[in-house]
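Have a look at the structure below, then the notes.
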2 protein chains.
Amino acid sequence: MQSQIPDVVIYRLPFYTRVLTSLAEEDIEVVSSQDLGERLQMTPAQIRKDLSYFGKFGRQGKGYNVKQLLGELQQITGLDREWNMVLVGVGRMGNAILDYGKLALRGFRIVAAFDVDPQLIGREIGGVVIQDISELADTIKQQDIKIGVVTVPPSQVQQAVDRLVECGIKAILNYAPFAPRVPQDVRVRRVDPMLALQTATYHLKSLGTT
Amino acid sequence: MQSQIPDVVIYRLPFYTRVLTSLAEEDIEVVSSQDLGERLQMTPAQIRKDLSYFGKFGRQGKGYNVKQLLGELQQITGLDREWNMVLVGVGRMGNAILDYGKLALRGFRIVAAFDVDPQLIGREIGGVVIQDISELADTIKQQDIKIGVVTVPPSQVQQAVDRLVECGIKAILNYAPFAPRVPQDVRVRRVDPMLALQTATYHLKSLGTT
DNA sequence: GTGTGTGAATGTTTTCACAGCG
DNA sequence: CGCTGTGAAAACATTCACACAC
């Protein structure tokens, strides 16, 4: 039924690719799980175990070849290719995301943006022309897009997500502070600075004054 | 240290307060772990177990009083008060955050912002005047601030974090794509949309074409 | 009857510790 | 030697299932 590779492990892979990328930039050729562990603040054993789910990438007595391991991990995570995305909801946040150039550099490119506001349709932001939401299905199917970014107001999130799912979107980056309901095979990832703060205050509480 | 309450539980508390808040707004007075579970897409048992770490808030055969439980949880999480924060690094992201009004409504208020760029010092954004970084220590100590938001370029994150920690900051909202090193008693929370995307592509890979 | 609170059971993740390879 | 890869053990988290309170 399922992949038997724990989700937590999948979640950690991008961390590995990031450190390996910067090691590669420093022209470091070989790295041990020990080194990696220090840079990532995790135990060497965990790193070795994680990697072992996918294969044997290291050499005993030596460590891992940085470039080779990086390549393997990029392939495993699917970060070796470009991913096209659609964005739904060109409000404040959607605008900022469209206007932010660096996404594409990292392999994620917003190729289409949608809104319901007639005022916005036809405008161009960050090289993307805003289309009417009614064109969503066609665009997604034509370009075989699998990732959607949802930046509509909270009250419309579920509806927007439903539409995306109907169109065959399989991963959603959600900027709303709650989890929309989706079928099991669709992944939702939440971006929620507020939540991050709210999980920190518990520990601050016990810290006297203010 | 006698925390004994699992971190995962602490992380879930804000979700409970959010649903309870919206239930309260709908004037719903009582809720069962069953109901909560459906809304949050988690098992009733987990909710009951989580809550049991902090006390007995429910009534058998009935459920939980929404307002009362909300109050308890806000107190437990420290969300029953206002938190003042400083922001370091008024670049693109820092600017956006300062300009974003709603933070304060949710109990978090940025009361001071800092940068090293002389061009920026003295400017006002979102009601906050940008100060020179040299004034950081004084401001934090005078106002007994415990939370810092770090939006400096990646290469300067560790330095900025070190300064904040020296000044007594105990929680940091980090917008950089890596984890700075901090003492054990300082919590760092990362906001990282890129990471969110990167954890999703693993599952998309196996999905044919594109 | 209904739904909480909770030990006990089950499932999952991390860590240990060491055989074995280079 | 040094460091990987990995079963086995330990730690941790979730779910079960039921006594008990309303």
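The sequence lines fix the lettering, A, B, ..., with proteins before strands; numbering per chain opens at 1. Only heavy atoms go into these numbers, but all of them, side chains included; no hydrogens, no water, no symmetry mates.
Contacts of A:Arg59 with the nucleic acid, taken as non-hydrogen atoms under 4.0 Å apart, involve only primed sugar atoms and P, OP1 or OP2.
Protein atom CG of A:Asp35 is 14 Å distant from nucleotide atom P of D:dG2, rounded to whole Å. The interatomic distance linking B:Asn65 (CG) with C:dT4 (P) rounds to 13 Å, in whole Å. To the nearest angstrom, P of D:dA11 lies 16 Å from CD of B:Gln4. Regarding A:Ile47, its CD1 atom lies at a distance of 13 Å from the C1' atom of C:dT15, rounded to whole Å. A:Lys49 places its NZ atom 12 Å from the C1' atom of C:dA17, with the value rounded to the nearest Å. The separation between B:Gln60 atom CD and D:dA21 atom P is 7 Å, rounded to whole Å. To the nearest angstrom, C1' of D:dA13 lies 10 Å from CG of B:Asp50. Spacing between atom CD1 of B:Ile5 and atom P of C:dT6 amounts to 13 Å, rounded to whole angstrom units.
Using a 4.0 Å cut-off, no side-chain N or O of B:Tyr11 falls inside it from OP1 or OP2 of D:dA13. Between A:Ser33 and D:dC3, a side-chain N or O to OP1/OP2 separation shorter than 4.0 Å is absent. Contact annotation: B:Gln46 reaches the phosphate of D:dT14 (side-chain N/O to OP1 or OP2, under 4.0 Å). A:Arg12 has a side-chain polar atom (N or O) that falls below the 4.0 Å cut-off from OP1 or OP2 of C:dT14. One finds no side-chain N or O of A:Ser32 lying less than 4.0 angstrom from the OP1 or OP2 phosphate oxygen of D:dC3. Within the structure, a side-chain polar atom (N or O) of A:Lys56 is placed less than 4.0 Å from OP1 or OP2 of D:dT6. Under 4.0 angstrom from either OP1 or OP2 of C:dT13 there lies no side-chain N or O belonging to A:Tyr53.
In this structure, B:Leu51 and A:Thr43 both approach DNA chain C, and ranking their closest nucleotides by distance from the 5' end singles out B:Leu51.
Between atom CG of residue B:Leu36 and atom OH of residue B:Tyr64 there is a gap of 8.0 Å, rounded to the nearest 0.5 Å.
Residue A:Glu29 qualifies as open at atom CD: its count of foreign heavy atoms under 6.0 Å is 12 or below. Around the CD atom of B:Gln156, the shell of radius 6.0 Å holds more than 12 heavy atoms that belong to other residues, nucleotides or ligands.
Between B:Lys146 and B:Ile169, the closest side-chain pair of non-hydrogen atoms is not below 4.5 Å.
A donor-acceptor pair is defined here as one N or O able to donate and one able to accept, closer than 3.5 Å; no such pair exists between the side chain of B:Thr151 and the backbone of B:Leu87.
Between C:dT4, D:dG7, D:dT15, one nucleotide has an atom nearer to the side chain of B:Ala45 than all others, and that is D:dT15. When distances run from any side-chain atom of A:Pro6 to the nucleotides C:dT13, D:dT4, D:dA13, the shortest one goes to C:dT13.
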